[in-house]
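As structure tokens, the structure follows; a few thoughts come after it.
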Amino acid sequence: VHTLHGPWTPQTRLFYGEAAKHVHLVAISDAQRADNDDLSYIGTVHNGIDLGSYPFREEKDDVLVYIGRANPDKGPKEAINIARRAGLPLQMLLKRSEQPEREYFEHEIEPLLASDIELHENVSHEKKVDMLGRACAMIFPIRWPEPFGLVMVEAMACGTPVVTTNWGA
């Protein structure tokens, strides 16, 4: 049994087309399955979280949160624009450790930073959960058919609604 996690590319389609002859494939979402219906899946098993690690918080602050990589597919630039249109500050937990992420950050995100945007990197699980729990909403302006989007489940476990697109899971 092999669980699929990444996006469908021409290379992964070829690889898993061959692998499916030897192993059973498990998808992580219906969206992932729909994006490659040439394969035979043994089932779908959604990613899960330990709800005990994500305490529900009813009272919220007037702040939005974004969690994701610094790349166009994850939509951090759009998250900034959405927060500004809503008139709310944005806390960004942003991954930018890889060279393309750093370049995208430098050219697209950094010029937009101002006092209404709070940037965080490499935070602990406790800090991430606190940010998710306090936010009145999580902005998740995904721009690709992401197979699952685990951070959306984490936000909702904390009682934080997710504002997203109709892409992916």
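Any value given below was found using the heavy atoms of this structure, including those in side chains, with hydrogens, waters and symmetry copies removed. Note that the numbering runs from 1 along the sequence shown for the chain.
- Around CD of E59, the count of heavy atoms belonging to other residues, nucleotides or ligands within 6.0 Å does not exceed 12.
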Name each donor-acceptor pair under 3.5 Å that joins a side chain in residues 87-94 to protein atoms two or more places apart or in another chain, with its distance.
none

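- Not counting sequence neighbours, H22 has no partner by the ring pair (Phe, Tyr, Trp, His ring centres under 6.0 Å) test.
- Between F148 and H46, the ring planes lie tilted relative to each other; the angle falls in the 30° to 60° range.
- Looking at L51 and I49, their side chains come closer than 4.5 Å, going by heavy atoms from C-beta outward.
- Shortest non-hydrogen contact noted between Y66 and A79 is CD1-CB, 3.6 Å.
- Residues L119 and F105 have side chains in contact (heavy-atom distance under 4.5 Å, counting atoms from C-beta outward).
- If you look at H125 and Y54, their ring centroids are closer than 6.0 Å.
- Taken to the nearest 0.5 Å, the CE atom of M152 stands 10.5 Å off from the CG atom of N47.
- In this structure a side-chain-to-backbone donor-acceptor pair under 3.5 Å is missing from T160 to M138.
- Other residues, nucleotides and ligands contribute only 12 or fewer heavy atoms inside 6.0 Å of the NE2 atom of H24.
- At least one side-chain heavy atom of I117 sits under 4.5 Å from a side-chain heavy atom of I80.
- Applying the side chain to side chain donor-acceptor pair (under 3.5 Å) test to pairs two or more places apart or on separate chains, those with a residue in residues 127-143 are E78-R143, K128-E154, D130-R134.
- Atoms CD and NE2, from Q32 and H5 in turn, are 8.0 Å apart once rounded to the nearest 0.5 Å.
- The structure places CG of L4 at 5.0 Å from CG of L25, a figure rounded to the nearest 0.5 Å.
- Residue-environment remark: CG (D62) stays at or below the threshold of 12 foreign heavy atoms within 6.0 Å.
- Put simply, L39 and V26 are part of two different groups of oily side chains (I, L, V, M, F, W, Y) that touch within less than 4.5 Å, one to the next.
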